[in-house]
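Here's the structure, in C-alpha cells; my notes come after.
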Number of protein chains: 2
Amino acid sequence: MRDVTIQDVARAAKVGLGTASRALSGNGSVSSQTRQRVLEAASSLNYRPNRNAASLRSKTTGTVALLVPDIRNPFFTELTYWFETAMRAKGSTVLIGSAGEDHAQENDFLAQIMAQRVDGIVISPQSEDDTVIRQVIEADIPLVLIDRPLKQLSVPVISSRPEPGMTEAVQNLASHGHTCIGYLGGPQSLPIARDRYAAFLEALNEHGLPGTTHFVEWGNFSRDAGKIGTQALLKRGVTAILAANGQLGTGVLEHCASSNQAIGPDLSLIVFDDYEYFRFISPSVSVIAQDIEGMGRIAADALVDCIAGKTAPDTYLPTVFIKRDSLRYAPPDMKENRKGDSLH
Amino acid sequence: MRDVTIQDVARAAKVGLGTASRALSGNGSVSSQTRQRVLEAASSLNYRPNRNAASLRSKTTGTVALLVPDIRNPFFTELTYWFETAMRAKGSTVLIGSAGEDHAQENDFLAQIMAQRVDGIVISPQSEDDTVIRQVIEADIPLVLIDRPLKQLSVPVISSRPEPGMTEAVQNLASHGHTCIGYLGGPQSLPIARDRYAAFLEALNEHGLPGTTHFVEWGNFSRDAGKIGTQALLKRGVTAILAANGQLGTGVLEHCASSNQAIGPDLSLIVFDDYEYFRFISPSVSVIAQDIEGMGRIAADALVDCIAGKTAPDTYLPTVFIKRDSLRYAPPDMKENRKGDSLH
DNA sequence: TTGTACGCGTTATCAC
DNA sequence: GTGATAACGCGTACAA
C-alpha cells in the first residue's frame with residue numbers, strides 16, 4: 001500500500017504540484033481559496049508529509065541528537081526530559097544516545113547520527129577525551145555543550161554557577177558548628193569539578209571560618225568513588241560531608257546505610273545535585289540544586305540559534321541551596337550534655 | 001562546502017555509481033578488489049552516507065521511536081536505556097518521546113515521527129486511552145507494546161509475570177507474622193494493575209494464610225496516590241504494605257519520612273519495581289523486581305521482527321523477590337517482650 | 001498566483 | 001561483476 005504523496009494531494013485538489021507544496025509548507029504565496037482546497041484534500045487523503053524527501057532538498061531534518069554519558073543518571077534523565085520537551089515544542093524530534101563509559105558506543109552513535117544528518121547535537125561530555133566533540137565540530141554540525149566548556153572554540157556552553165548554592169551551604173555547615181568538613185570532589189581534570197571545589201574554598205574563605213579544616217577526597221563522579229571517599233573521610237574524623245555531585249552523594253548514602261552510620265545525627269550531608277528521591281527519603285538530603293529545567297531549555301534555545309547560523313552565548317545558571325534533614329547534626333559533646341540533662 | 005556523495009567516491013575509485021553503492025552497503029556482489037578500492041576512496045574522502053536519501057528509495061530509515069509516559073520515572077528511564085542500547089547494537093537510532101499526561105503532546109510526537117517515517121515504534125501506554133495506538137496501527141507502522149496487552153490485535157506485548165515475585169513476597173510477610181497486610185493498587189482499569197492484584201490474592205490463598213486480612217487502597221500509579229493510600233492504610237492498622245509499583249512505593253517512603261514512621265521497625269514494605277536507589281537508602285527497600293533489561297532487549301528483538309514482517313510472540317518475563325531491610329518488622333508485642341528481656 | 005521541470009543522494013533494475 | 005538509468009517524494013527557480 002503506497003504512501004499518499006503530495007502528488008496525490010495536488011491531483012485531488014486539482015492544483016499543480018508546486019502549489020500543493022506551498023500550501024502545505026506555508027512558504028510562498030497561495031490564495032486562501034486554493035490553500036483551503038489543498039488542505040482538505042490532504043486531510044481527506046490522510047496525507048503524511050515525508051520528512052526524508054523534504055530533507056533531501058532542504059538540508060534540514062527536524063531532528064537533533066542528545067548524547068549523554070548515561071541516561072540512568074538522574075541528572076541526565078531530567079536534562080533529557082526537559083531538552084526533549086523544549087525541542088518538541090520547537091518542532092524537532094530528539095535522538096538520544098546513552099554512551100556509557102564505552103568509547104566504541106560513542107563513535108557508533110556518532111556515525112549513525114551523522115548519517116541521519118541531524119540538524120544539531122547537544123553533548124554532555126563524560127571523559128576528558130575530546131575526540132567525539134572534535135569530530136562533530138569538524139563535520140560542521142551545530143553543537144552545544146552541557147557542563148563542559150571547550151577552550152578556544154566558539155561552542156556555546158550551558159552550565160551552572162556553583163557559587164551561590166555553595167556559599168549558603170558552607171555557611172549553614174559553619175553555623176551548625178562543624179569544624180571538620182569533608183569534601184568529595186570529582187576528577188580534577190574536569191572543569192566543573194574544579195569549579196565546584198574552587199567555589200567551596202571560596203565559600204570557606206568568605207565566611208572566614210577560623211579553625212575550620214577540611215579534608216578532600218578525589219574520585220570520578222561515581223557512586224563507588226563516593227563510598228570509598230566517605231570511608232576515608234570518616235576515618236579522618238569529619239562531621240560533615242559535601243559531595244560534589246549526585247553520584248558521589250549517592251555513594252555517601254550507600255556507605256552510611258551499610259555501616260549503620262546515621263546521616264543527620266552522626267554526619268551532616270550536603271550533595272551538589274538534587275535527585276528527586278533526595279526529597280523523600282529519611283532523612284531527606286540537603287542539596288545544592290542546579291536548574292536542570294533551565295539548562296535543558298536554554299540548551300534547546302542555543303542549539304536552534306546555532307542551527308540558524310547565529311551565535312549563542314555561554315550560559316551559567318545559578319545554583320541554590322536547599323536545606324533538608326540531613327543537617328540535623330548532634331556533635332558528641334552535645335550528646336553528652338543531653339545525657340546529663342535529665343530534666344527533659 | 002558540499003557534502004561528499006557516493007558519486008564522488010565512485011569517481012575517486014574509478015567505478016560506476018552502482019558498484020560503489022553495492023560495495024558500501026554490502027548488498028549485491030562486488031569483487032573484493034574493487035570493494036577495497038571503494039572503501040579506501042570513501043574513507044580518504046571522509047564520505048558520510050546520507051540516510052535520508054537512502055530512505056527515500058529503500059523505505060527504511062534505521063530509526064525507531066520509543067514513547068513513554070514520563071522518562072523521569074525510573075522504570076521508564078531504565079527501559080529506555082536498555083532499549084536504546086539494544087537498538088543501537090542493531091544499527092538503529094532511537095527517537096524518544098516523553099508524553100507526560102498530555103494528550104496533545106502525544107499526538108504531537110506521533111505526527112512528527114510519522115513524518116520521519118520511523119521503521120517501528122514501541123509504546124508504553126499511560127492511560128486507558130487507545131487512540132494513539134490505534135493511529136499507529138492504522139498507519140501500518142510496526143508496533144510493540146510494553147506492559148499493556150491490546151485485545152484482539154496481533155501486536156506483540158512485552159510485560160512481566162507478577163506471580164513468582166509476588167508469591168515469595170507474600171510468603172515472606174506471612175513468615176514474619178503479619179496479619180494485616182495493606183495493598184496499594186494501581187488503576188483497576190489497567191490490566192497490569194489487575195494482574196498484580198490477582199497475583200497478590202493468589203499468593204495469599206496459596207499459602208493459606210489463616211486469619212490474615214488485607215486492606216486495599218486503589219489509586220493511579222503515582223507518588224501522591226501512594227502517600228494518600230499509605231495514610232489510609234496506616235489508619236486501618238496494617239503492619240505491612242505492598243505497593244503495586246515504584247511510584248506508589250515512593251509515595252509510601254515519602255509519607256513515612258514526613259510522619260516519622262520508621263520503615264522496618266514500624267512498618268514492613270515491599271515494592272513492586274526495583275528502583276536503583278531502593279538498594280542504598282536506609283532502610284533498603286525489599287522489592288519485587290521486573291527484568292527491565294530483558295524487557296528492553298526483547299522489545300527490541302520483537303520490533304525488528306515486526307519490521308521484518310515476521311510475527312513476534314507476547315513475552316511475559318518472570319519477576320523476582322529481593323529481600324532487603326524494609327522487612328525488619330518488630331510487632332508491638334515483641335517490643336514489649338524485649339523490654340522485659342533484660343538479659344541481653 | 002500558479003504550474004513545470006529539475007535536482008537532492010541513494011538504491012534497484014536492468015542490460016552488458 | 002559491472003555500469004548506466006530510472007525512480008523515491010519533495011522544494012524551488014523559473015516561466016507562464
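Contacts between residues 27-44 of chain A and DNA chain C, defined by a heavy-atom separation under 4.0 Å, are made by A:Ser29, A:Val30, A:Ser31, A:Thr34.
Residues B:Pro125 and B:Ile123 come closest through the heavy atom pair CD-O, 3.5 Å. Minimum heavy-atom separation, A:Leu45 to A:Ala12: CD1-CB, 3.9 Å. Closest of all the heavy-atom pairs between B:Arg35 and B:Gly26 is NH2-CA, 4.4 Å.
Protein atom CD of A:Gln116 is 15 Å distant from nucleotide atom C1' of C:dG9, rounded to whole Å. Between the C1' atom of C:dG7 and the CG atom of B:Asp3 lies a distance of 15 Å, rounded to the nearest Å. Across the protein-nucleic acid pair, A:Asn50 atom CG and C:dT10 atom P stand 16 Å apart, rounded to whole Å. Between the NZ atom of A:Lys14 and the P atom of C:dT2 there is a distance of 16 Å, given to the nearest Å. The distance between atom CG of B:Leu17 and atom C1' of C:dT10, rounded to the nearest whole Å, is 8 Å. Rounded to an integer number of Å, the gap from CG of A:Asn52 to C1' of C:dT11 is 14 Å. Following rounding to the nearest Å, B:Leu45 (CG) and C:dG9 (P) show an atom-to-atom distance of 14 Å.
Residue whose closest nucleotide on DNA chain D sits further toward the 5' end, between A:Ile6 and A:Arg22: A:Ile6. Mapping B:Ala53 and B:Thr19 onto DNA chain D by nearest heavy atom places B:Thr19 closer to the 5' end of the strand. Each of B:Gly18 and A:Leu56 lies near DNA chain C, and the nucleotide nearest A:Leu56 is the one positioned closer to the 5' end.
Boundaries of the chain B contact region on DNA chain D are D:dG1 to D:dG9, first to last in 5' to 3' order (nucleotide atom under 4.0 Å from a heavy atom).
At the heavy-atom level, A:Thr5 lies under 4.0 Å from the strands shown only through sugar-phosphate atoms.
Put simply, the side chain of B:Ile192 reaches to within 4.5 Å of the side chain of B:Ser159, judged on heavy atoms. At least one side-chain heavy atom of B:Gln247 sits under 4.5 Å from a side-chain heavy atom of B:Pro74. For the pair A:Arg22 and A:Thr34, the minimum side-chain heavy-atom distance is 4.5 Å or more.
Residue B:Ser58 places none of its side-chain N or O atoms closer than 4.0 Å to OP1 or OP2 of C:dT11.
A side-chain donor-acceptor contact under 3.5 Å links B:Gln116 and A:Thr93.
At least one donor-acceptor pair under 3.5 Å links the side chain of B:Asp8 to the backbone N or O of B:Thr5.
Side-chain to base pairing of B:Arg57 with C:dT10: no donor and acceptor N or O lie closer than 3.5 Å to each other.
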key: side chain to side chain donor-acceptor pair (under 3.5 Å) evaluation trace for A:Gln290 with A:Ser160   = CA-CA 7 Å; A:Gln290 300 188 63; A:Ser160 289; 2.7 Å; yes
